[in-house]
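The structure under discussion appears below in the form of structure tokens.
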Amino acid sequence: QVQLAVSGGGLVQAGGSLRLSCTASGGTFNVMGWFRQAPGKEREFVSVMNWGDGGSYYGSSMKGRFTMSRDNAKNTMYLQMNNLGPEDTAVYFCAADPRLSFYGEASRLSTWTEYRYWGAGTQVTVSS
């Protein structure tokens with residue numbers, strides 16, 4: 001049974017940082033991604049990483065502020081978020097799907113409906 005365990009959300013002031021973690025069990029994946037959803041808004045692509053070589057890319061508003069990394073031994077992916085602003089307030093989810101390939105169709109990687117497995121969301125709140 002595939003499980004994605006998410007941790008690391010919380011409350012932070014604008015300009016601050018948080019690190020989210022997502023630990024996978026019960027399956028192996030080529031890619032894992034992060035999405036977020038603010039109240040009343042669509043689920044938004046944050047970032048995606050290739051487990052094999054650590055390649056990653058980010059949503060346009062996250063570039064330069066967010067960084068993904070991984071610990072293969074722990075089967076854990078991280079999302080380091082710096083210079084957070086109130087617009088980053090949302091529930092953050094990690095997601096994975098064994099059918100996705102990082103070097104396949106890029107549009108699929110940023111589409112949340114392409115992911116089969118989801119972790120429970122973690123709330124990130126940024127105060128101004």
Side-chain angles (χ1 to χ4, degrees):
Q1 181 180 357
V2 173
Q3 290 188 327
L4 302 178
V6 179
S7 63
L11 173 65
V12 65
Q13 290 187 330
S17 299
L18 284 173
R19 189 178 79 159
L20 307 182
S21 301
C22 179
T23 299
S25 60
T28 57
F29 309 98
N30 295 320
V31 300
M32 292 181 71
W34 290 97
F35 292 80
R36 68 185 186 185
Q37 190 163 18
K41 294 189 176 181
E42 294 285 324
R43 192 162 297 191
E44 178 185 21
F45 170 72
V46 174
S47 61
V48 63
M49 169 169 276
N50 187 30
W51 271 109
D53 61 12
S56 60
Y57 68 87
Y58 303 86
S60 57
S61 65
M62 295 83 180
K63 289 178 183 177
R65 300 189 300 126
F66 291 12
T67 304
M68 289 186 69
S69 61
R70 75 208 192 282
D71 185 330
N72 289 345
K74 296 181 179 180
N75 225 25
T76 298
M77 171 183 65
Y78 303 98
L79 180 66
Q80 177 67 42
M81 305 184 294
N82 298 328
N83 194 24
L84 287 162
E87 66 278 10
D88 296 310
T89 294
V91 177
Y92 284 70
F93 301 89
C94 72
D97 194 297
R99 301 167 298 178
L100 292 174
S101 171
F102 189 80
Y103 296 106
E105 297 179 43
S107 62
R108 296 184 65 191
L109 297 176
S110 60
T111 303
W112 71 269
T113 54
E114 293 286 345
Y115 290 79
R116 177 182 296 174
Y117 299 107
W118 291 84
T122 186
Q123 178 70 46
V124 170
T125 303
V126 185
S127 63
S128 57

Do Arg99 and Asn30 come close enough that some side-chain heavy atom pair is under 4.5 Å?
no
Side-chain heavy-atom pair Asp88, Arg65 within 4.5 angstrom cut-off
yes
Nearest heavy-atom pair of Trp51 and Asn72: which atoms, and what distance?
CE3-OD1, 3.1 Å
State yes or no: do Phe66 and Val126 share one hydrophobic cluster built from I, L, V, M, F, W and Y residues joined by side-chain heavy-atom distances below 4.5 Å, directly or via other members?
yes
State, with a plain yes or no, whether a side-chain heavy atom of Met62 is found less than 4.5 Å away from one of Glu44.
yes
With clusters defined by side-chain heavy atoms of hydrophobic residues (ILVMFWY) lying less than 4.5 Å apart, directly or transitively, does Leu79 cluster with Val12?
yes
Tyr78 six-ring centre to Arg19 NZ/CZ under 6.0 Å and within 45° of normal:
yes
Do Tyr115 and Leu4 pass the side chain to side chain contact (heavy atoms under 4.5 Å, CB included) test, and can you show the C-alpha distance, the side-chain angles, and the key distance before you say yes or no?
CA-CA 12 Å; Tyr115 290 79; Leu4 302 178; over 6 Å; no
Which atom pair, heavy atoms only, marks the closest approach of Asn50 to Tyr103?
ND2-CE1, 3.5 Å
Does the side chain of Glu114 come within less than 4.5 Å of Asp97's, by heavy atoms?
no
Who are the ring pair (Phe, Tyr, Trp, His ring centres under 6.0 Å) partners of Tyr117, not counting sequence neighbours?
Phe29
Does any non-hydrogen side-chain atom of Met77 lie less than 4.5 Å from one of Cys94?
yes
Distance alone, cut at 3.5 Å: any donor-acceptor contact between the side chains of Asn75 and Thr23?
no
Which pair of non-hydrogen atoms, one from Gly9 and one from Leu20, has the smallest distance, and what is that distance?
N-CD2, 3.5 Å
Taking side chain to side chain donor-acceptor pair (under 3.5 Å) as the test, write out the residues that go with Glu105, two or more places apart.
none
Okay, side chain of Arg70, backbone of Gly52: is any donor-acceptor separation there less than 3.5 Å?
yes
Side chain Asp71, main chain Thr76, donor-acceptor under 3.5 Å:
no
Report yes if the side chains of Leu18 and Tyr92 come closer than 4.5 Å at any heavy-atom pair, otherwise no.
no
Aromatic ring pairing Phe45/Phe35, orientation class (parallel under 30°, perpendicular over 60°, tilted between)
perpendicular
When you group the ILVMFWY residues by side-chain heavy-atom contacts below 4.5 Å and let the links chain together, are Met49 and Tyr57 in the same group?
no
Distance-only, no hydrogens or angles: does the Tyr58 side chain make a donor-acceptor pair with backbone N or O of Met68 under 3.5 Å?
yes
Nearest heavy-atom contact between Ala38 and Ala90 is N-CB, 3.8 Å
If you group Ile, Leu, Val, Met, Phe, Trp and Tyr by side-chain heavy-atom gaps below 4.5 Å, do Val31 and Phe93 land in one group?
yes
With hydrophobic residues grouped by side-chain heavy-atom distances under 4.5 Å, do Met32 and Val6 end up in a single group?
yes
